[in-house]
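Some notes on the structure that comes next.
Below, chains carry the letters A, B, ... as their sequence lines are ordered, and counting in each starts from 1.
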Amino acid sequence: MMSNEAGIISTLFREEFAKMVAVISKRYGLQYIETAEDIVSETFLTATESWNQKGIPPNPVAWLYTVAKQKTLHHFRRNKILTDKVIPQLQTGQETAIEMADVTFSTRHIKDSQLQMLFAVCNAAIASEAQISLALRILCGFRIEEIAEAFLTNKEAINKRLFRAKERLRTEKINMEFPPDSEISDRLDNALHIIYLLFNEGYYSKTQNQILRKELCYEAMRLGVLLIENEHTNMPKTNALMALMCFHASRFKARQTDEADFVLYENQDESDWDNDLIRQGMYFLHCSAAGDEITSYHLEAKIAYCHCTKADTNEKWEEVLQLYNQLLLVNYSPAVALNRTYALYKANGKEEALREAKKLNLANNHFYFVLLGELYKDVDNKKATENFQRALALAKTDTEKKIILKRMQT
Amino acid sequence: MKEFMFLFRLPYQVDDSEVTPEKMQELGKKWNDWVGDIAAQGKVVNAGPRLESTGKVLKQRGVVTDGPFVEVREMLGGFLRIKADSLEEATTLAHGCPAIDQGGSVEIRPVYAQH
């Protein structure tokens with residue numbers, strides 16, 4: 001029965017770690033975030049020991065909250081005695097930040113604390129790479145070794161990143177609080193961006209660990225839902241991002257590799273698409289069509305929605321092309337430029353697409369040469385082969401190489 | 001890279017009620033694809049607003065007239081801020097601009113570098 005318990009604890013860790021850290025940090029202040037992590041980790045250690053001996057309690061979550069609460073109160077009580085004795089200017093009887101009031105794990109309080117933690121972590125003062133690691137750890141409860149695997153690096157590197165990020169939280173005196181109304185839209189932009197990056201980290205991840213990749217995406221979506229559930233953060237752009245994530249996630253099963261969309265899409269089996277997620281995405285897309293702001297999430301969500309119909313019609317590609325034209329003006333990236341050129345080919349033909357593709361000049365991007373190879377097919381097969389071979393030389397992983405070879409032969 | 005401003009001048013049209021929606025859509029596509037071509041090269045700095053064809057002109061001694069704005073033949077249709085290595089490259093990028101098909105022109109002007 002060992003494996004059963006281990007499985008349950010592992011699931012609970014993912015679901016509950018972040019909640020408990022948020023509540024404890026909210027109660028005692030963000031400067032104690034590491035203490036909060038230690039307390040919660042210890043709680044899980046105690047759970048492992050106890051549940052292995054006595055079996056899983058009837059309500060494991062309540063069990064965890066009770067133990068975490070005891071450990072928290074114990075820690076800060078002991079800490080208070082120390083501080084009181086060591087620092088004489090702390091007068092007894094005077095209320096300090098560290099006092100023994102209750103730690104509450106109610107659903108409402110957990111949600112509020114997590115939302116405030118989300119805003120604290122998604123603060124522009126922290127470098128984005130460190131921010132993503134911190135978000136994975138503190139908001140999503142990923143273990144250090146999992147974060148290291150997602151970034152194809154080692155635990156030490158991630159620990160260093162986390163240390164620096166937490167140091168920034170302290171030095172910038174970032175508090176856990178809900179942003180005031182006047183700042184909410186801007187602060188939300190940061191939070192949405194981090195959620196978008198988290199999702200992409202899973203969707204286009206370097207790691208081949210499919211379970212981990214899916215979990216990254218689902219955690220990003222969970223944070224999105226957290227923002228949708230709060231009336232202040234439930235804005236059109238929040239819905240646009242949710243729609244985008246739903247449409248992408250609907251293709252998890254159909255998607256076998258990490259190749260760029262334009263290469264992969266034609267090979268997908270649409271019976272593998274998740275229709276429930278597509279429907280949810282449509283709902284969010286509908287909710288996103290309000291206000292007068294068109295964000296890159298809106299445009300990307302619409303493109304993803306177009307791709308949820310497999311029909312290879314000119315109208316569809318014309319719409320996709322126009323969306324990419326707009327997206328390039330809001331948010332240029334080589335990947336968007338390449339996907340736009342592919343849409344140009346499907347909508348306006350190879351000749352025009354080839355002419356524009358040659359101007360792109362993305363000499364170190366293997367997708368660029370895959371695209372050129374694709375466009376030269378049946379126009380100039382010798383050039384097609386040359387370009388595919390350049391793509392092969394630039395490709396880094398075996399999966400990438402396999403796909404390029406397959407494209408060459410079809 | 002330097003920055004340049006494309007100024008689109010279009011034939012002055014007092015009455016565009018005869019333009020069919022299909023024609024408008026087709027024209028819109030041409031413009032979007034042309035700007036998209038430049039944007040795909042990562043060379044658009046800022047897509048300026050499109051200007052409506054109505055407005056006023058203020059001249060010396062407080063004389064206010066309704067359009068036409070610059071000369072009788074043309075009006076300013078919009079802007080696009082782009083980046084390019086030279087005026088020559090910027091001019092090359094301007095080729096294919098639908099304003100030219102519409103009987104208008106593109107003015108290519110370097111933007112003063114800000115310090």
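Under the 3.5 Å distance criterion, the side-chain polar atoms of Glu89(B) are matched with a main-chain donor or acceptor of Asp85(B).
Closest of all the heavy-atom pairs between Lys401(A) and Ala395(A) is CE-O, 3.5 Å. Residue Met282(A) comes nearest to Tyr305(A) through the heavy atom pair CG-CE1, 3.5 Å, listed as atom of the first residue, atom of the second, then distance. Ala343(A) and Val320(A) make their closest contact through CB-CG1, 3.9 Å (heavy atoms, listed as atom of the first residue, atom of the second, distance).
Contact annotation for residues 350-363 of chain A against chain B (heavy-atom separation below 4.5 Å, listed by residue number): Glu356(A), Lys359(A), Leu360(A). Contact residues of residues 25-38 of chain B toward chain A are Lys29(B), Asn32(B), Asp33(B), Val35(B), Gly36(B), Asp37(B) (heavy-atom distance under 4.5 Å).
Defined by atom type and a distance below 3.5 Å, a donor-acceptor pair is missing between the side-chain atoms of Trp317(A) and Asn348(A). Side chains of Glu318(A) and Gln322(A): a donor on one and an acceptor on the other come within 3.5 Å.
Between the CZ atom in Phe6(B) and the CD1 atom in Ile82(B) there is a gap of 4.0 Å [rounded to 0.5 Å]. Expressed to the nearest 0.5 Å, how far NE2 of His298(A) lies from OG of Ser288(A) amounts to 4.0 Å.
The most heavy-atom pairs under 4.5 Å with chain B, out of Asn325(A), Leu329(A), Leu344(A), come from Asn325(A).
For Leu394(A), the CG atom is densely surrounded, since the number of other residues' heavy atoms within 6.0 Å is greater than 12.
Ion pairing of Lys377(A) with Glu374(A) is present here, as a side-chain N (NZ or NE/NH1/NH2) and a carboxylate O approach within less than 4.0 Å.
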